[in-house]
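Below is one structure, written out as structure tokens; the observations come after it.
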Amino acid sequence: MTTAEHAATPIADLPTLDVDPFSHEVLEDPTEFHEALREAGPVVHLPAVGVYAMGRYEEVHAALTNWQGFISSDGVGHLSFHRDDPWRPPSLLLETDPPQHDAPRRVLAEVLGPRTLTRLRDAWFADARALVDELVPPGSDVVEIDAYADLAAVFPLRVFPDAVGLRAEGREDLLPYGTHLFNSFGPPNDLVEKGLADAPRLLRSVVDQCHREVLTDGGFGAAIWAAADRGEITHDQAPLVVRSLLSAGVDTTVQGLSALLYRLARHPEELARLRSRPALARSAFDEAVRVESPVQIFFRTASTDVEIGGTVIPAGQKILMFLASANTDPRRWVEPYRFDLTRDPSGHVGFGMGIHQCVGQHIARLESEAVVAALLDRVERIEMLPGARRAHNNTMRGWESLPLRLVARRG
Ligand code: QZP
């Protein structure tokens, strides 16, 4: 081999793609953009965002797992904490690197661990049954629902705030806060602009729900404060760790559920497969997360000159990872756009990968399992109705309205 074959591509010679991935056109349907990005090369300059982007599975996976080379502590959005003032104090989990990351991560992993899941399981299955009974009242034959507004955006808010131990006041702020938070990871476009006026109030409301005094006994919030009493994190850190739960646990599960409901409606044969093998309920959620990727993107920052995909990313440079594109890369997945419950979706990067991989993913899976079980019980068929509308957000892909017809099971 010649040295030329070993030499990394100088950054100036990288392929360029002159598309704004945060434009409404791309947010409506990013498929074509993802294909162009993957075809352009392993690392591609995006002048519209001023970053180097990755859309292939191999490089996105490599970047996510190289936390030493691609750090989070300069922000995982478009802003660089070095240059710019963040609109909220940085997260102790999302926007830190080891060693600062370790203790908060350990605490949340324990709080959201297997013991918690076992404790919540029966109650959440009953809650899902109750909600589905409201939507498909016993004796009804066919109902039309908005699977976003009536189900996906309702169920997580019925179970999660109670599990955290929140009071009633301020729960209505969680989803709008999340919407702005996820927009704010993107560049300062119209979506961010629209949220700016209300952002300080929403942030205050969420922060007000993190204090020890307002959290009920027995919840995730109280468990985080108890970890502070044991010295596992400091008392100063506790409210910010609670804030991470409230930031990461609402919009994500709402759009994760809407992704699954959409896919089940579009693929009746997969719903039938799920009915014949209910044990598929867990992987059904992961397959929906893979193919729809509710969390579409994340940024990192090169800590030093880092080689990736034959390119050296210069120290301090932001990179943009397209999780959704990696999750549909034909180099990694057979028939990548097919929602297929017979495939093994593990390895998808819809929950991220590496040390920052979603610490609440088991909670999200449990929510989805509960909803799927309730639906399988009460519903024979799920059909799309006209009028579905995508929500446009700089980070999240999902629905604003998802009209579905549910045909009840007989007997
Ligand atoms: C949001 C935080 C998809 C995610 C990046 C979700 C998320 C995770 C953590 C936080 C916020 O710690 O504030």
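Along the sequence shown, residues carry numbers from 1. Every number for a ligand or one of its atoms is a count from 1 in the order of the listing.
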CD of Glu32: more than 12 outside heavy atoms within 6.0 angstrom? no
Surrounding CZ of Arg115 (heavy atoms of other residues, nucleotides or ligands, distance under 6.0 Å), is the total greater than 12?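 Counting neighbours around CZ of Arg115, 12 or fewer heavy atoms of other residues, nucleotides or ligands fall under 6.0 Å, so no.
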So, for His180 and Trp87, is the gap between ring centers shorter than 6.0 Å?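 Close enough - the centres of the two rings lie under 6.0 Å apart.
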Would the Phe185 and Phe299 ring centres measure less than 6.0 Å apart? no
Among Arg38, Gln296, Arg56, side chain to side chain donor-acceptor pair (under 3.5 Å) partner for Ser325: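 Running side chain to side chain donor-acceptor pair (under 3.5 Å) over Arg38, Gln296, Arg56 with Ser325 returns exactly one hit, Arg38.
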Those atoms of ligand 1 less than 4.0 Å from some heavy atom in [X]:
X      : value
Ser91  : 2 (C), 12 (O), 13 (O)
Val295 : 3 (C)
Ser247 : 11 (C), 13 (O)
Phe182 : 3 (C), 4 (C), 6 (C)
Ser244 : 2 (C), 12 (O), 13 (O)
Arg88  : 2 (C), 13 (O)

For [atom], what's the nearest protein heavy-atom neighbour? Residue, atom name and distance, please.
atom                    : value
atom 8 (C) of ligand 1  : Ala248 CB, 3.3 Å
atom 5 (C) of ligand 1  : Phe298 CZ, 3.0 Å
atom 10 (C) of ligand 1 : Leu94 CD2, 3.7 Å

Are Ser184 and Arg88 linked by a side-chain donor-acceptor pair shorter than 3.5 Å?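 Side-chain D/A pair, Ser184 to Arg88: absent.
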When you compare ligand 1 with Arg243, is there at least one nitrogen or oxygen pair between them that comes in under 3.5 angstrom? no
Check whether any N or O atom of Thr252, backbone or side chain, sits under 3.5 Å from an N or O atom of ligand 1, and answer yes or no.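 Min N/O separation from ligand 1 is not below 3.5 Å for Thr252.
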Arg282 side chain near Glu369 side chain, heavy-atom distance below 4.5 Å: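 Counting from C-beta outward, Arg282 and Glu369 do come under 4.5 Å.
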Check if Glu95 has a non-hydrogen atom at a distance under 4.0 Å from any atom of ligand 1.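 No.
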Rounded to the nearest 0.5 Å, what separates atom OG1 in Thr253 from atom CD in Glu367?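 Answer for the OG1-CD pair, Thr253 versus Glu367, is 4.5 Å.
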